[in-house]
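Single-structure report; data block below.
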Amino acid sequence: MRVVFLGAPGVGKGTQADRIAAKCLVAKISTGDLLREAVRDQTTLGLEAKRYMDQGSLVPDAVVIGLVREKLADPSCAKGFVLDGFPRTIPQAEALGTVLTSKGIALDRIVNFQVSREDIVRRLSGRRSCPKCQATFHVDFAPPKVDGICDRCGEPLIQRSDDRRDAIEMRLKVYDEQTAPLVRYYQERGLLLQLDGSGSVDVVFQHLSQELAPHQVT
Ligand code: AP5
């Protein structure tokens, strides 16, 4: 199974990518997670990426394309992958196509999650994230078992610096201008699946699993 999860910030791509990757035993590649790891480790790439991420802009294409190319070469991707948050621009989509063609493989589906702007803002402003293992929670919709503590690794949870109101607005604007054109790009290639992401996490997961069932190898 080789799929891309597309959609505005906060539609639930990361939450569903974790679940699908665990269920289907495929790799999850999240460019957001990879970039946050680089920021946390204070690598040169991380220090460059941080200034874009904090203000809600996109990190330059060449940087993220390089990260994904490296990840796709990893043996953990041999059985398939879920790409979460990549591609996000037409040049990124074209670069992905070139990399996959050179490996003799192709994407099965692009899932476009659709959620209202009102719900997106509620989801992002209530999100709490683990800085260590990148698990995500929500103060109302997916609270951790112990308030403020990661269920998975016990680390104190934080609010992402780009989940502030001004950065959220910027991310939504960037999405409309640079990422939304990918919907048409993949529609024209017959790969797009529109998915209503407005239900509960379990309901969305059930629909997603049904839609992706033909592409599962396990
Ligand atoms: P990234 O981390 O990819 O952020 P994003 O795309 O803005 O997506 P989010 O992580 O905010 O949302 P999500 O859709 O994954 O939702 P989630 O499942 O967490 O990127 C961050 C930054 O990195 C970018 O702004 C950019 O600077 C840079 N970057 C990353 N990729 C790049 C690229 N390809 N090119 C250039 N730059 C790049 O859910 C959100 C919340 O809602 C959570 O609290 C969750 O618990 C809750 N929730 C989830 N599902 C439901 C549900 N069904 N019902 C109720 N609550 C729910």
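Side chains included, hydrogens not; waters and symmetry mates left out as well; all remaining heavy atoms used. Atoms within a ligand are numbered from 1 in the order they appear, just like the ligands themselves. Computed from a prediction, not measured in an experiment: that's the story for all the values here.
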Element-labelled atoms of ligand 1 that are located less than 4.0 Å from some non-hydrogen atom of F137: 43 (C), 44 (O), 46 (O)
Would you indicate which of T15, I168, D163, L67 comes nearest to atom 49 (C) of ligand 1 when only heavy atoms are counted? T15
Atom 37 (N) of ligand 1 has as its nearest protein heavy atom V59 N, 3.0 Å
What's the shortest distance from atom 12 (O) of ligand 1 to any protein heavy atom, and which residue and atom give it? G10 N, 2.9 Å
L124: numbered ligand 1 atoms lying under 4.0 Å from its heavy atoms: 11 (O)
Check: I29 and V82 side chains under 4.5 Å, non-hydrogen atoms: no
Between CG of L34 and CG of L45, what distance do you get to the nearest 0.5 Å? 9.5 Å
Starting at CG of L100, measure out to CD1 of I105 and round the result to the nearest 0.5 Å. 5.0 Å
Ligand 1 atoms in contact with Q92 (distance to a heavy atom under 4.0 Å): 33 (C), 34 (N), 35 (N), 36 (C)
Region of L35 that comes within reach of ligand 1 [heavy atoms, distance under 4.0 Å]: side chain
Where ligand 1 meets V201 - atom numbers and elements under 4.0 angstrom, heavy-atom basis: 50 (N), 51 (C), 52 (C), 53 (N)
Distance, nearest 0.5 Å, that separates NZ of K28 from OG of S76: 13.0 Å
Give the numbers and elements of all ligand 1 atoms closer than 4.0 Å to a heavy atom of G199. 52 (C), 53 (N), 54 (N)
Grab the two heavy atoms, one from A93 and one from Y186, that are nearest each other, plus how far apart they are. CB-OH, 3.5 Å
State, without any angle test, whether E118 and S116 hold a side-chain donor-acceptor pair at a distance under 3.5 Å. no
Protein contact of atom 31 (N) of ligand 1 - nearest heavy atom, named by residue and atom, plus distance: T31 OG1, 2.8 Å
Just how far is it from atom SG of C77 to atom CG of L72, taken to the nearest 0.5 Å? 5.5 Å
Evaluate the side-chain proximity of V201 to F141: yes if any heavy-atom separation is below 4.5 Å, no if none is. no
Look at atom 15 (O) of ligand 1 and say which protein heavy atom is nearest, naming residue and atom and giving the distance to 0.1 Å. G14 N, 2.8 Å
Among R88, H138, M53, whose heavy atom sits nearest atom 1 (P) of ligand 1? R88
Non-hydrogen atoms of S198 versus ligand 1: any pair closer than 4.0 Å? no
Value for CG (L208) from CD1 (I20), rounded to nearest 0.5 Å, stands at 4.0 Å
Polar proximity ligand 1 side, R127 side, N/O cut 3.5 Å exclusive: yes
Is there a heavy atom in R160 that sits closer than 4.0 Å to ligand 1? yes
What's the shortest distance from atom 11 (O) of ligand 1 to any protein heavy atom, and which residue and atom give it? R171 NH2, 2.5 Å
From CA spacing to verdict: side chain to side chain contact (heavy atoms under 4.5 Å, CB included), R160, R128: CA-CA 7 Å; R160 267 171 49 177; R128 297 295 178 268; over 6 Å; no
Which of the listed options, G85, S129, G56, A142, holds the heavy atom that is closest to atom 34 (N) of ligand 1? G85
Within less than 4.0 angstrom of ligand 1, does G7 place any heavy atom? no
Against heavy atoms of R36, which atoms of ligand 1 measure under 4.0 Å? 2 (O), 21 (C)
Heavy atoms of G199 and V204 approach each other most closely as O-CG2, 3.6 Å
Do any heavy atoms of Q16 fall under 4.0 Å from ligand 1? no
Hey, is V64 touching ligand 1 through its side chain, its backbone, both or neither, going by heavy atoms under 4.0 Å? side chain
Atom 16 (O) of ligand 1: nearest protein contact (heavy atom, Å): G12 N, 3.3 Å
Would you tell me whether D196 and Q114 have side-chain atoms, one donor and one acceptor, within less than 3.5 Å of each other? no
Atom 8 (O) of ligand 1 has as its nearest protein heavy atom K13 NZ, 3.3 Å
Quick one: which ligand 1 atoms are inside 4.0 Å of a heavy atom on F141? 55 (C), 56 (N)
Please answer: with hydrophobic residues joined when any side-chain heavy atoms are less than 4.5 Å apart, are M1 and F86 in the same cluster? no
If you measure from CG on L35 to CD on E48, what distance do you get to the nearest 0.5 Å? 10.0 Å
Salt bridge check: are D119 and R122 linked by an N-O gap of less than 4.0 Å? yes
Among protein heavy atoms, which sits nearest to atom 41 (C) of ligand 1, and what does the distance come to when rounded to 0.1 Å? R123 O, 3.6 Å
Between S30 and ligand 1, which part of the residue brings a heavy atom under 4.0 Å of the ligand: side chain, backbone, both or neither? neither
